[in-house]
Amino acid sequence: MYYTPNVYYPFHCCHQRRKTLGAGGYRSLPLQVGSTVRAPHNYPPIDIHELNQSAKKLQILMKQAQLFVNKITHSPQFAHDLMDAAQKSDQKKVEKLILSTGITVNFKNHFTPDGIKIELNNTDSEGACCSLIVGLKW
């Protein structure tokens with residue numbers, strides 16, 4: 001057996017066994033090094049209203065993303081044109097193609113030789129809360 005200084009070996013030497021081991025021949029170890037006992041937190045009462053509203057607004061973004069994905073899956077010509085414009089680094093044409101899918105919310109897009117990412121967000125609407133990133137590999 002090789003000795004590594006940072007690894008616990010319970011029986012690495014006979015004479016140390018008697019000195020370092022506790023009852024029953026086992027070394028007692030702490031439950032967790034550096035653990036502390038924390039006082040309970042006083043959180044405000046749970047109100048799910050804002051979470052519920054955010055989820056509803058996210059559903060709108062998901063429907064918008066579905067328009068984009070459906071266009072790609074149902075129109076090989078659209079998919080070809082999107083990739084072609086991205087390969088030529090034609091940002092304006094890529095944005096025009098994305099808008100042609102029927103997306104009405106704000107979006108940002110980023111494309112690389114590996115794929116495209118579109119971030120849909122509702123920053124233009126009242127109570128903006130969320131964004132949705134759609135990433136597709138090509």
Side-chain angles (χ1 to χ4, degrees):
M1 173 167 70
Y2 297 104
Y3 177 73
T4 306
N6 296 329
V7 177
Y8 171 64
Y9 294 105
F11 306 112
H12 61 280
C13 182
C14 297
H15 70 278
Q16 287 184 339
R17 179 179 181 199
R18 286 184 223 121
K19 293 179 185 177
T20 59
L21 300 179
Y26 296 102
R27 178 181 284 180
S28 55
L29 298 173
L31 294 176
Q32 184 178 4
V33 176
S35 64
T36 59
V37 177
R38 296 182 181 176
H41 294 282
N42 293 324
Y43 293 112
I46 294 176
D47 180 9
I48 64 165
H49 177 74
E50 189 169 343
L51 177 61
N52 194 352
Q53 292 303 311
S54 294
K56 287 178 181 178
K57 291 177 182 177
L58 184 63
Q59 286 178 324
I60 295 168
L61 295 179
M62 291 172 68
K63 288 178 183 177
Q64 295 283 299
Q66 190 68 39
L67 293 172
F68 175 69
V69 173
N70 284 344
K71 186 72 170 187
I72 291 173
T73 58
H74 293 104
S75 175
Q77 184 62 47
F78 174 81
H80 176 272
D81 293 346
L82 182 67
M83 283 185 71
D84 184 55
Q87 285 179 348
K88 294 176 181 174
S89 297
D90 189 347
Q91 182 71 32
K92 290 188 185 269
K93 184 164 185 182
V94 169
E95 289 178 4
K96 182 179 176 184
L97 287 165
I98 294 170
L99 285 170
S100 75
T101 64
I103 289 178
T104 57
V105 297
N106 289 341
F107 68 90
K108 296 177 188 175
N109 68 75
H110 176 72
F111 45 85
T112 67
D114 297 328
I116 187 168
K117 287 184 183 176
I118 299 175
E119 179 184 356
L120 304 167
N121 60 62
N122 63 358
T123 56
D124 63 338
S125 65
E126 185 178 325
C129 66
C130 12
S131 64
L132 176 67
I133 297 174
V134 177
L136 298 170
K137 183 179 178 180
W138 48 43

- Item | hydrophobic_cluster_shared for Leu61 and Leu67, side chain cutoff 4.5 Å |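 Per the 4.5 Å side-chain linkage, Leu67 and Leu61 are not co-clustered.
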Contacts of type side chain to side chain contact (heavy atoms under 4.5 Å, CB included), residue [X], not counting sequence neighbours:
| X | answer |
| --- | --- |
| Ser89 | none |
| Ile60 | none |
| Leu136 | Phe68, Ile72, Ile116, Val134 |
| Lys96 | none |

[atom1] of [X] to [atom2] of [Y]: how many Å apart, nearest 0.5 Å?
| X | Y | atom1 | atom2 | value |
| --- | --- | --- | --- | --- |
| Ile133 | Glu119 | CD1 | CD | 5.0 Å |
| Lys63 | Gln66 | NZ | CD | 11.0 Å |
| Trp138 | Leu82 | CH2 | CG | 5.0 Å |
| Cys130 | Gln59 | SG | CD | 10.0 Å |
| Leu97 | Asp90 | CG | CG | 8.5 Å |
| Lys57 | Leu132 | NZ | CG | 15.5 Å |

- Message: Suppose the criterion is ring-ring contact (aromatic ring centres under 6.0 Å, His included): which pairs have a residue in residues 75-99, not counting sequence neighbours?
- Response: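 Residue pairs with at least one partner in residues 75-99: there are none.
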- Under the salt bridge (Lys or Arg N to Asp or Glu O under 4.0 Å) test, residues paired with Asp84 that sit two or more places apart: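 Checked Asp84 against salt bridge (Lys or Arg N to Asp or Glu O under 4.0 Å); matches are Lys88.
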Would you call [X] and [Y] a side-chain contact if the rule is heavy atoms closer than 4.5 Å?
| X | Y | value |
| --- | --- | --- |
| Leu120 | Ser131 | no |
| Val94 | Phe111 | yes |
| Ile98 | Ile103 | yes |

- Which pairs with one or both residues in residues 97-110 pass side-chain hydrogen bond (donor to acceptor under 3.5 Å, both in side chains), sequence neighbours excluded?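 Of all non-adjacent pairs touching residues 97-110, those that pass side-chain hydrogen bond (donor to acceptor under 3.5 Å, both in side chains) are Gln64-Thr104, Gln91-Asn109, Asn106-Thr123.
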Using a 3.5 Å cut-off and no angle test, enumerate the donor-acceptor pairs between side-chain atoms of residues 46-56 and protein atoms at least two apart in sequence or in another chain.
residue : atom : partner : partner atom : Å
Asp47   : OD1  : His49   : N            : 3.2
Ser54   : OG   : Glu50   : O            : 3.1

